[in-house]
There are 4 protein chains.
Amino acid sequence: MPVRYGVVTPNPQYGVETPVVKRLRADARRNRARLLAVAEDIFATRGLTVSTEEIAAAAGVGIGTLFRHFPTKEALLEAVFVERLSALADEANALALAPEPGEVFVAFIRDVLLQARSKSAIADALASAGVDLQHTAADVKAELNSALERLLSNAQRAGAVRDDISIAELLAVLVGASRAVQHLGGNAELEARTITIFLDGLRPPT
Amino acid sequence: MPVRYGVVTPNPQYGVETPVVKRLRADARRNRARLLAVAEDIFATRGLTVSTEEIAAAAGVGIGTLFRHFPTKEALLEAVFVERLSALADEANALALAPEPGEVFVAFIRDVLLQARSKSAIADALASAGVDLQHTAADVKAELNSALERLLSNAQRAGAVRDDISIAELLAVLVGASRAVQHLGGNAELEARTITIFLDGLRPPT
Amino acid sequence: MPVRYGVVTPNPQYGVETPVVKRLRADARRNRARLLAVAEDIFATRGLTVSTEEIAAAAGVGIGTLFRHFPTKEALLEAVFVERLSALADEANALALAPEPGEVFVAFIRDVLLQARSKSAIADALASAGVDLQHTAADVKAELNSALERLLSNAQRAGAVRDDISIAELLAVLVGASRAVQHLGGNAELEARTITIFLDGLRPPT
Amino acid sequence: MPVRYGVVTPNPQYGVETPVVKRLRADARRNRARLLAVAEDIFATRGLTVSTEEIAAAAGVGIGTLFRHFPTKEALLEAVFVERLSALADEANALALAPEPGEVFVAFIRDVLLQARSKSAIADALASAGVDLQHTAADVKAELNSALERLLSNAQRAGAVRDDISIAELLAVLVGASRAVQHLGGNAELEARTITIFLDGLRPPT
DNA sequence: CATGAATGAGATTTCATTCAT
DNA sequence: TATGAATGAAATCTCATTCAT
């Protein structure tokens with residue numbers, strides 16, 4: 001194999017399985033993960049206007065690294081959003097297996113709203129910023145949808161949730177309730193009473 | 001009184017209320033009002049990142065005029081926000097006088113959410129942008145609070161709304177429901193069903 | 001004489017000597033004087049970058065009035081400068097009549113520098129701003145020149161000032177000494193010793 | 001040592017002093033130096049109102065580069081000022097080692113004033129612009145002070161300079177004389193005679 | 001003549017993105 | 001791959017000047 005001067009590329013001699021290359025990829029993956037985590041936090045607490053530079057600094061990487069992983073700021077936003085949707089989908093899938101559909105449904109909603117207390121602001125912000133995620137997050141959205149579908153229909157079949165709504169309404173309520181919880185800024189008592197309002201609204205009307 | 005020739009100056013005989021003086025201020029006030037209206041629209045439909053220049057252009061004034069009325073972009077945002085709160089307070093105050101407290105309460109909420117469909121994005125966006133309105137809008141907020149207080153307690157006394165909540169919870173639900181309606185993007189059927197969920201949640205539990 | 005509608009001009013029927021017209025002109029003159037005084041103060045203490053609006057406000061007049069009296073900011077600067085030169089010329093002329101040319105010369109210089117302590121910054125600033133006063137202030141400059149000429153040559157004839165300098169050098173020393181005094185910021189002792197240096201430098205060499 | 005192929009990263013084996021790392025910083029340092037030099041020139045010749053954009057263009061860099069190095073225009077002004085003070089301090093320090101304290105002292109002053117002819121306008125302008133350098137340039141000022149202190153006391157001990165002044169007065173005279181030289185606008189004859197006045201003033205009185 | 005609202009050119013500053021090292 | 005200096009378009013904001021009242 002000829003020694004190549006000039007262009008600098010990973011030496012194929014080592015293959016993708018060598019420790020050297022793997023180490024680098026592990027670093028890269030770690031950087032990506034840290035960037036995502038840091039971005040979620042910062043976007044949630046400080047709004048979408050924080051500069052990419054600040055996120056990179058908080059993640060302990062150079063700005064160039066951020067843009068290598070996420071070619072635009074919007075791509076980073078989307079990745080953060082997909083990450084959250086994915087986590088929600090996982091949780092919903094896990095809960096869908098449990099018995100007691102009514103209790104499980106309520107537990108899921110409480111959990112979502114609990115997260116909204118500290119995180120979030122992201123879904124809102126994304127929406128208000130007019131970012132179009134339709135195509136990018138299609139698969140994650142589908143996964144979340146089917147998981148929620150299962151949770152919801154199970155709960156409806158168990159008589160714990162009103163029959164006249166579909167996931168569309170459920171999602172809207174979740175989005176709104178998250179916003180409401182954020183608005184309360186951590187006051188546990190108010191939060192509890194407010195969540196009760198939403199849950200009561202979801203129950204079958206008498 | 002003789003017709004006056006010569007130099008034209010505000011005749012002190014008329015005091016500061018002369019049309020001459022008022023006419024100019026009327027122009028300024030008209031510009032201010034137009035700026036506010038345009039800003040509300042544009043912020044709501046296109047997000048908070050629209051440039052001040054664009055808003056000025058849409059209002060048909062120079063950029064300098066915008067900054068004469070609102071010395072910073074944030075000041076403009078605050079003014080828009082205060083304007084909205086004030087309008088809400090006025091509406092609530094008007095409705096508080098009507099009979100049928102339960103129906104009036106529901107009507108008010110439906111109205112707020114109807115507005116949220118097209119406008120808004122502003123309260124959310126403001127919050128997520130970290131703008132601190134606490135001090136600026138104190139009086140308007142107080143007015144809105146007392147108006148809502150009246151609407152709420154009337155409705156509670158009439159048995160149309162659950163007794164275990166105060167304006168804090170009501171406001172949170174309003175904020176959340178507005179967000180939910182926005183999320184639905186104008187789909188009337190989904191909107192109607194979702195609003196029903198919030199209203200049912202506010203009714204006295206059976 | 002026909003009654004004229006439309007164009008509004010001072011009614012010639014009253015002539016320029018009527019009290020009505022005179023009263024207005026007196027007001028205008030007072031405004032001009034106040035603008036000049038205020039501008040001198042503010043330029044001196046805060047630099048040439050203060051806005052015209054601030055000067056007008058400090059003088060208690062509208063910005064329009066400022067620009068009526070001085071069609072550009074530079075015109076205002078020139079007027080201030082001319083005012084100062086004129087005052088200096090008057091003082092020099094008055095002193096030129098006194099006996100004891102040596103003492104009078106020293107007194108004049110001390111006086112100039114005393115003024116520099118609080119005012120000035122204007123000559124410096126004007127120079128550094130590249131304002132060309134050559135033509136506008138020609139007559140005032142000439143007057144100051146001839147007055148200084150008289151003071152200087154008298155002092156030289158009396159043997160109190162070195163013979164190898166002309167007004168050009170004297171003016172340069174005055175400008176520099178003013179700057180030095182300003183630099184000392186009001187410390188009387190340092191000021192006194194520094195002024196002595198300049199005065200000693202002006203004496204005939206031994 | 002083997003030639004390294006593959007990924008190019010700062011080899012920790014070399015520490016932070018490797019040429020790779022230094023090369024980039026050298027570029028940045030070159031840009032910073034060029035910006036400072038250009039800014040000094042332009043500020044001196046055209047006044048402090050020149051736009052940052054023009055300075056960046058004259059230095060051959062983008063406006064963003066200017067603001068990366070100097071986050072505000074005032075920061076750039078301060079840096080230019082500090083640079084000048086530092087250069088003066090270096091020169092004074094170098095001269096302090098020479099024999100013939102009297103001649104050296106005079107040489108230093110002539111040099112300062114020679115520079116004032118083309119450059120400067122900056123100290124004046126800074127002062128008149130109200131920029132407060134007191135805290136920023138503290139160390140440089142201290143260095144200049146001690147260097148001047150040495151020059152002055154040496155000259156005084158040699159009997160070339162009057163005993164009744166300290167650096168405070170010397171600095172004031174330097175500031176003033178610089179201003180005077182600037183005022184003369186390059187006329188060599190007038191300049192020479194004027195400088196003589198200042199130098200004579202600094203000599204021990206007879 | 002006085003006023004001050006309106007104007008808009010131009011200044012400063014930010015920030016997503018690129019690219020040489 | 002990582003870095004961070006460089007870039008410049010675009011945003012915010014200022015201010016001398018004009019002009020309708």
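Labels below follow one simple rule: chain letters A, B, ... track the order of the sequence lines, proteins then strands, and each chain is numbered from 1.
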With a 4.0 Å limit, can you tell me whether [X] has a side-chain N or O closer than that to the phosphate oxygens OP1/OP2 of [N]?
X: D:Thr65; N: F:dT7; value: yes
X: C:His69; N: E:dC1; value: no
X: B:Thr52; N: F:dA11; value: no
X: A:Asn31; N: F:dA2; value: yes

[N] [atom2] sits how many Å from [X] [atom1], rounded?
X: B:Glu74; N: F:dC13; atom1: CD; atom2: C1'; value: 14 Å
X: A:Leu76; N: E:dC15; atom1: CG; atom2: C1'; value: 15 Å
X: B:Lys73; N: E:dT12; atom1: NZ; atom2: P; value: 21 Å
X: D:Leu66; N: E:dC15; atom1: CG; atom2: P; value: 17 Å
X: D:Glu54; N: E:dT12; atom1: CD; atom2: C1'; value: 14 Å
X: B:Leu35; N: E:dA5; atom1: CG; atom2: P; value: 14 Å
X: D:Arg68; N: E:dC19; atom1: CZ; atom2: P; value: 16 Å
X: C:Leu48; N: F:dT14; atom1: CG; atom2: P; value: 20 Å

- Residue closer to the 5' end of DNA chain F, D:Gly62 versus B:Val50 (nearest nucleotide): D:Gly62
- Query: Starting at the 5' end of DNA chain F, which residue's closest nucleotide do you reach first, B:Pro71 or D:Glu53?
  - Reply: D:Glu53
Shortest side-chain distance from [X], nucleotide among [options]:
X: C:Ile63; options: E:dA5, F:dT7, E:dA2; value: E:dA5
X: A:Val61; options: E:dT18, F:dA9, F:dT3; value: F:dT3
X: D:Ser51; options: F:dT7, E:dT12, E:dA16; value: E:dT12
X: B:Phe67; options: F:dT12, F:dA2, E:dA2; value: F:dT12
X: D:Ala28; options: F:dA5, E:dT14, F:dT14; value: F:dA5

- Short N-O contact, D:Arg68 and A:Glu53, less than 4.0 angstrom: yes
- Quick one: does C:Ile55's side chain get under 4.5 Å of C:Phe43's, heavy atoms only? yes
- Message: Can you confirm whether D:Ile63 sits close enough to D:Phe67 that some side-chain heavy atom of one is under 4.5 Å from a side-chain heavy atom of the other?
- Response: yes
- Item | Nearest heavy-atom neighbours spanning B:Glu83 and B:Leu36 | OE1-CD1, 3.7 Å
- Search all heavy atoms of C:His69 against all heavy atoms of C:Leu35 and return the closest pair with its distance. CD2-CD1, 4.0 Å
- Message: Has A:Thr45 got a side-chain atom pairing as donor or acceptor with A:Asp41's backbone, closer than 3.5 angstrom?
- Response: yes
- Query: Taking any strand in view, what nucleotide pairs with E:dT14 in a Watson-Crick or G-U wobble way, both distances under 3.5 Å?
  - Reply: F:dA9
- Message: Partner lookup for E:dA20, please. Criteria are Watson-Crick or G-U wobble with both distances under 3.5 angstrom; report none if nothing qualifies.
- Response: F:dT3
- Message: Once you apply a heavy-atom cut-off of 4.0 Å, does A:Thr72 come out as touching a base, just sugar-phosphate, or nothing?
- Response: sugar-phosphate
